[in-house]
Amino acid sequence: MESSSLPFGKKFSPTTKKYREFHRKSITDTEGFWDREARRLEWFRPWDKVLEWEPPFARWFVGGLLNASYLCVDRHVKTWRRSKVALYWEDEAGNARTWSYSQLYAEVNRFASVLRKLNVRKGDRVAMYMPLIPELPITMLATARIGAIHTVVFSGFSAQALADRINSTQAKVLVTADGGFRRGKLIPLKEKADVAIERTPSVESAVVVNRANIDIDMKDGRDFWYHEQLKKAESYVEPLPIESNDPLYILYTSGTTGKPKGIVHSTGGYMVFNHSAYKWAFDIRDESVYWCTADIGWVTGHSSIVYAPLSHAATLVLYEGTPDYPNPDRWWEIIDKYGVTIFYTSPTAIRMLMRYGEEWPKKHSLSSLETLGTVGEPINPEAWSWYYKNIGKERCPIVDTWWQTETGGFMISPAPGIELVPLKPGSATLPLPGIDAEVVDEKGKPVLSGVKGHLVIKKPWPGMLMTLYQDPKRYKEAYWSRFPGVFYTGDYAIRDTDGYLWLLGRADEVLKVAGHRIGTMELESAAVSYPAVSEAAAIGKPHEVKGESIVVFAILRKGHEPTDKLKKELREHVRKVIGPVATPQEIYFVNSLPKTRSGKIMRRVLKSVLMGKSIGDLSTLEDEASVKEVKKAYEELKKLVKAGS
Ligand code: WTA
């Protein structure tokens, strides 16, 4: 964790002085600071009060009226930017489409009119289950335009996961596509959506984008083609003035129980926070051609593909495909084709592309790149250095952004838009302005530098979640009760002697598999819903490329034999219940699981077994366990894992 002084040409500053001063001021007078930041946006009516803080509920820019869709399109079409490219879209096969800001504006308006005709009103929920096509951001913006609330469900999730999310939000309309493509394979989205709609009585209508040109079932009176509806739509729909604290969207994410959490984001605070954080972290400008490779189904896609870059009138690249298909230089080819200046991806993707070797990026110039970013999981220094050298050509800083679905936007990250501080491979560097972060011990006391602890945020910030959808109690418990008065992130971190933060992964029961957030409890309930399984424990095992992989330990019901066939079936079952992102890499059938006396599975012991580590000190267990039994289970499991059973 030594200070490095990487050369970044003119932009690089040898100190952190200017940045630290800026940050110090921002957290001394936080409200004054955000009051000034909020003025960067265009409001229909100014706010009466910057912050109403009734812990743990924050209301930002109270009384202010604005509209997210207005900020992302209307504002730009009033200027020369109307003819600027808003979006370059491309698919795996090389089919491409380009949208100017005025085209985007026109279609957002038309689709807003379609939604109105389908009876969607302010506060109603609209669900989306779509591939990475321009119609997805268009649908989101159209929903926001009329004051409705969107809930995007990642298209890699199963029909059941989609149904659960729709039922939880009681969405009226589902927008989907006939299909999508991944590695040349057709993903039949409408077919899956149909299964979900059977289980979701709230859905009155479904709008279907013709993406794949395939035969699908369209139910009369319920299902409508997107393109047909657009033709009948009005060309202008007034953007509804929205109170800053009316929700913009609900996005489900995994927590420590089997039930995903519905993160609710506001309109005003969320937009202000993202607009500013984007300026600081990526120094985004008019001439930026910006590409974030995430899927819009995750928060990264919401903030970092749709709302922040469009609010800055950047030119986006949207690519519907995987990094190495059809070749491992597909991404590098796209960067050169569109002249991408800011490229933002995940450590998993970097590690995957790194494995294919340097010859692939070498085939391309990559000379348009100015700034690189990463997100989603800790980046190991080796991948950082490869990225820095082979993609950024030792010219582009790497902006390692730490944040969460809950935080709405970047929290800890270098900020070249203010001053580019010396980077250290593997560290997300310093908290962004307005963010008061601390590392604390189990009792909530700040730890010394170099000591691992829990990352907490001490003050509310505008991008923070408002609550969990229809569950304020769980919101309080999950984030504000572990350490009273501060926001619990669930991440471990270390602060070094320069004050730089090193994020060390989750401290709770949440896995990060290829950057995707999956709860162990969700995996376990999916496993036990398989008839042959009576109990299951899921844990994450370090994985060279994906960061973590899923390992399931399962106890079989009487009468079932532990066969390879059963393993395969169980793997398929979990995949079907949650989606392909949740596919277990390894499954072990066991006779018992190490548990505390109160019946809690001791994941720590399971992890030790997998890692080939000793069992560790059992005397520190918070809940007294039968040490003898745990040891027995440990020995048994060790044998099994060793045998690769
Ligand atoms: C992890 C993704 C290290 C972290 C935006 C966090 C990171 C979780 C980083 C949130 C990073 C995200 N370095 N770890 N730069 N960025 N994480 O909600 O564990 O899908 O708590 O949001 O990802 O995942 P989520």
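Each ligand, and each atom within it, is numbered from 1 in the order the structure gives.
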*asked:* Suppose I only count heavy atoms of Thr405 and a 4.0 Å limit; which atoms of ligand 1 are within that range?
replied: 18 (O), 20 (O), 22 (O), 25 (P)

*Answer whether the closest heavy-atom distance between the side chains of Trp403 and Thr300 falls below 4.5 Å.*
yes

*Starting from the C-alpha separation in whole Å, work towards a yes-or-no answer on salt bridge (Lys or Arg N to Asp or Glu O under 4.0 Å) for Asp164 and Lys259.*
CA-CA 9 Å; Asp164 291 345; Lys259 204 173 146 225; over 6 Å; no

*Can you list the ligand 1 atoms lying under 4.0 Å from a non-hydrogen atom of Leu503?*
3 (C)

*After noting the C-alpha distance and the side-chain angles of Glu370 and Arg285, does the key distance pass the salt bridge (Lys or Arg N to Asp or Glu O under 4.0 Å) rule?*
CA-CA 12 Å; Glu370 289 171 6; Arg285 277 166 286 128; 3.2 Å; yes

*Check whether any heavy atom of Trp298 sits under 4.0 Å from an atom of ligand 1.*
no

*Which ligand 1 atoms are under 4.0 Å away from a heavy-atom of Thr300?*
5 (C)

*asked:* Using a 3.5 Å distance criterion without hydrogens, assess whether the side chain of Thr371 forms a donor-acceptor pair with backbone atoms of Cys396.
replied: no

*For Glu544 and Arg355, run salt bridge (Lys or Arg N to Asp or Glu O under 4.0 Å): C-alpha distance rounded to whole Å, both residues' side-chain angles, the deciding distance at 0.1 Å, then the answer.*
CA-CA 10 Å; Glu544 223 179 290; Arg355 283 193 151 191; 3.0 Å; yes

*Does an N or O anywhere in Thr489 fall below 3.5 Å from an N or O of ligand 1?*
no

*Which atoms of ligand 1 sit under 4.0 Å from any heavy atom of Val299?*
5 (C), 22 (O)

*asked:* Among all the protein's non-hydrogen atoms, which is closest to atom 23 (O) of ligand 1, and how far away is it?
replied: Lys512 CE, 2.9 Å

*Give a yes/no verdict on whether any heavy atom in Ala428 is under 4.0 Å from an atom of ligand 1.*
no

*Do any heavy atoms of Gly490 fall under 4.0 Å from ligand 1?*
no

*asked:* Ring of Tyr492, cation from Arg506 - is the NZ or CZ under 6.0 Å from the centre and inside 45° of the axis?
replied: no

_Parallel, tilted or perpendicular, judged at 30° and 60°: which one describes the rings of Trp298 and His516?_
parallel

